[in-house]
J.: 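Sharing a structure here in structure tokens format.
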Amino acid sequence: ATAARLAASLDRKAATLGEPIQLRIVGNTDLGPLDLAPLKRDFEVFSSAVSGGTQSGKVQSVLDATLYPLRAGKLTVPALVLGTARSQPLKLEVQPAKVSLRAWVSPETPMTREPTTLHLEIRDEGDLTWNAPTQIDAPNIHMGAQAESTREALHDGAPVRLREYRWPLLALKSGGQSVTFPILDAYKFGQRLRYPVTAVTFRA
């Protein structure tokens, strides 16, 4: 019997935070059951698809996945395991983006059922189009309608665009609270970019 084999490759060795990375796994066995969970520590697995078939009695299977890094720095695409087969780990250098995302609540320590405001500020160079955040996870919190504003500003002497989203909210119970944002979509020259937002925690 032929030993199972997996070969992994990336479409590049360096990227900027927000940009997609293409991962390809090639194997001589069906890659449908391949577990991609180890990737989720440092990457969002945005999509994946398996193709291939059997030629001359030999299986050739290809898995293509689109990954988005969740942080900047020196990252490793970990080895993936399927049965006795194991792919090699891959190194990736992710540079910080010229984008800043910051979220907070004011006041910082509201009373239970006291009105407070959730803020999300996005700062970029004015070359990105953003999708408004949806599906915000905020258990034990009542959130009102979203408001949005955009203005031009200067940061370290350079022009930037500030986009701010605001939501009125009420904490429905006392104690620690958390608000988790989805990964945000932005577009530049038709390319989809994805940016993670740090969750907001506070105490009511």
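Here the structure is a predicted model, which is why all the values come from computation and not from measurement.
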J.: For residues Asp35 and Leu82, determine if any side-chain heavy atom of one lies less than 4.5 Å from a side-chain heavy atom of the other.
T.: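 With C-beta onward as the side chain, the pair stays apart.
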J.: Filter on salt bridge (charged side-chain N to carboxylate O under 4.0 Å, His left out), then keep only pairs touching residues 130-147, sequence neighbours left out; what's left?
T.: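 Those involving residues 130-147 do not exist here.
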J.: So Leu92 and Lys13, do their side chains get closer than 4.5 Å, heavy atoms only?
T.: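 Result no, sub-4.5 Å side-chain heavy-atom pair not found.
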J.: Just verifying a value: how many Å separate Leu170 CG and Ile141 CD1, rounded to the nearest 0.5 Å?
T.: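 Result: 9.5 Å between the selected atoms.
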J.: For residues 58-105, pull every pair meeting ring pair (Phe, Tyr, Trp, His ring centres under 6.0 Å), keeping only residues two or more places apart or in separate chains.
T.: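 The answer is Phe46-Tyr68, Trp104-His119.
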J.: Can you get from Met143 to Leu172 by hopping between Ile, Leu, Val, Met, Phe, Trp and Tyr side chains that sit under 4.5 Å apart?
T.: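 No, Met143 and Leu172 fall in different hydrophobic clusters.
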J.: Identify the two heavy atoms, one from Phe43 and one from Pro69, that lie closest to each other, and give their separation to 0.1 Å.
T.: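 Closest pair (atom of Phe43, atom of Pro69, distance): CD2-CA, 3.8 Å.
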J.: So, do Leu169 and Thr117 sit near enough that their side-chain heavy atoms are less than 4.5 Å apart?
T.: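 In short, these two side chains do not touch, never coming nearer than 4.5 Å.
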J.: Has the side chain of Thr116 got a donor or acceptor atom that lies under 3.5 Å from a matching backbone atom of Ser106?
T.: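 Yes; at least one donor-acceptor contact below 3.5 Å.
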J.: Would Phe181 and Leu17 show up in the same hydrophobic cluster when neighbours are defined by side-chain heavy atoms closer than 4.5 Å?
T.: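 Phe181 and Leu17: separate clusters.
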J.: Would you name the heavy atoms of Pro96 and Thr16 that are closest together and state the gap between them?
T.: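 Reported closest heavy-atom pair: O-CG2, 3.7 Å.
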J.: Is the backbone of Gln22 close enough, under 3.5 Å, to the side chain of Asp11 for a donor and an acceptor to pair up by distance?
T.: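 Yes, Asp11 side chain to Gln22 backbone: donor-acceptor pair under 3.5 Å.
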J.: Main chain of Arg5, side chain of Asn28: is a donor-acceptor contact present, judged purely on distance under 3.5 Å?
T.: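 The answer is yes, because a donor-acceptor pair under 3.5 Å joins these two groups.
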J.: Within the 4.5 Å heavy-atom criterion, are Leu90 and Thr76 side-chain neighbours or not?
T.: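 SC-SC contact between Leu90 and Thr76 ruled out.
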J.: State, to 0.1 Å, how close Leu70 and Arg41 come at their nearest heavy-atom pair, and which atoms those are.
T.: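 Closest approach of Leu70 to Arg41, heavy atoms only: CD1-O, 4.1 Å.
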J.: Are any side-chain N or O atoms of Thr180 and backbone N or O atoms of Ala199, one a donor and one an acceptor, separated by less than 3.5 Å?
T.: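 No, because the side chain of Thr180 does not come within donor-acceptor range (under 3.5 Å) of the backbone of Ala199.
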J.: Side chains of Leu6 and Leu31: closer than 4.5 Å at any heavy-atom pair?
T.: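 Yes - at least one pair of side-chain heavy atoms lies under 4.5 Å apart.
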J.: Just how far is it from atom OG1 of Thr129 to atom NZ of Lys188, taken to the nearest 0.5 Å?
T.: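 Rounded to the nearest 0.5 Å, the OG1-NZ separation comes out at 11.0 Å.
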J.: How close do Gln95 and Ala72 get, counting heavy atoms only, and between which atoms?
T.: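 Looking at all heavy atoms of both residues, the shortest contact is C-CB, 4.1 Å.
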J.: At their closest point, which heavy atom of Gly32 faces which heavy atom of Asp30, and how far apart are they?
T.: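 Looking at all heavy atoms of both residues, the shortest contact is N-OD1, 3.0 Å.
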J.: I'd like to know if the side chain of Ser100 and the backbone of Arg123 have a donor-acceptor N/O pair within less than 3.5 Å.
T.: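 The answer is no, because no donor-acceptor pair under 3.5 Å joins these two groups.
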J.: With side chains defined as the heavy atoms from C-beta onward, is the minimum distance between Ile25 and Leu34 less than 4.5 Å?
T.: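 A side-chain contact exists here, since the closest heavy-atom pair is under 4.5 Å.
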J.: Check whether any side-chain heavy atom of Gln177 lies under 4.5 Å from a side-chain heavy atom of Arg203, and answer yes or no.
T.: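 The answer is no, as the side chains (C-beta and beyond) never meet within the 4.5 Å cut-off.
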J.: Does the pair Glu148 and Arg163 meet the rule for a salt bridge (Lys or Arg N to Asp or Glu O under 4.0 Å), with working shown?
T.: CA-CA 7 Å; Glu148 178 183 348; Arg163 183 186 305 272; 2.9 Å; yes
J.: Can you see which heavy atom on Ser87 is nearest to which on Ala79, and at what distance?
T.: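 Nearest pair, atom of Ser87 first, then Ala79: O-CB, 3.1 Å.
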J.: Are Val94 and Leu101 connected in a single hydrophobic cluster, I mean Ile/Leu/Val/Met/Phe/Trp/Tyr linked by side-chain heavy atoms less than 4.5 Å apart?
T.: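 Looking at the clustering, Val94 is in a separate group from Leu101.
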J.: Would you check if the side chain of Glu152 reaches a backbone N or O of Leu162 as a donor-acceptor pair within less than 3.5 Å?
T.: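 A pair under 3.5 Å: no.
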J.: List the atom pairs, donor and acceptor, that lie under 3.5 Å between side-chain atoms in residues 189-198 and the rest of the protein, sequence neighbours left out.
T.:
unit_1: Arg192; atom_1: NH1; unit_2: Asp185; atom_2: OD1; d: 3.3
unit_1: Arg192; atom_1: NH1; unit_2: Asp185; atom_2: OD2; d: 2.9
unit_1: Arg192; atom_1: NH1; unit_2: Tyr187; atom_2: OH; d: 3.4
unit_1: Arg194; atom_1: NE; unit_2: Glu44; atom_2: OE1; d: 3.1
unit_1: Arg194; atom_1: NH1; unit_2: Ile183; atom_2: O; d: 3.4
unit_1: Arg194; atom_1: NH1; unit_2: Asp185; atom_2: OD1; d: 3.0
unit_1: Arg194; atom_1: NH1; unit_2: Asp185; atom_2: OD2; d: 3.4
unit_1: Arg194; atom_1: NH2; unit_2: Glu44; atom_2: OE1; d: 3.4
unit_1: Arg194; atom_1: NH2; unit_2: Glu44; atom_2: OE2; d: 2.4

J.: Nearest 0.5 Å please: distance from the CG atom of Asp64 over to the CG atom of Leu23.
T.: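 If I round to the nearest 0.5 Å, the distance is 8.0 Å.
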J.: Are Arg71 and Asp42 ion-paired here, with the side-chain N under 4.0 Å from a carboxylate O?
T.: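 Yes, Arg71 and Asp42 are salt-bridged.
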J.: With distance as the sole test, does Arg151 use its side chain to make a donor-acceptor pair with the main-chain N or O of Glu164 at under 3.5 Å?
T.: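 Such a contact is absent between Arg151 side chain and Glu164 backbone.
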J.: Tell me, do Arg24 and Val62 make a side-chain contact under 4.5 Å, heavy atoms counted?
T.: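 Yes, side chains in contact.
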J.: In this structure, are over 12 heavy atoms from other groups packed under 6.0 Å from Arg12 atom CZ?
T.: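 Atom CZ in Arg12 is packed in, count exceeds 12.
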J.: Hey, is CE on Met111 packed in by over 12 heavy atoms from elsewhere, all under 6.0 Å?
T.: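 Open: at most 12 neighbouring heavy atoms sit under 6.0 Å from CE of Met111.
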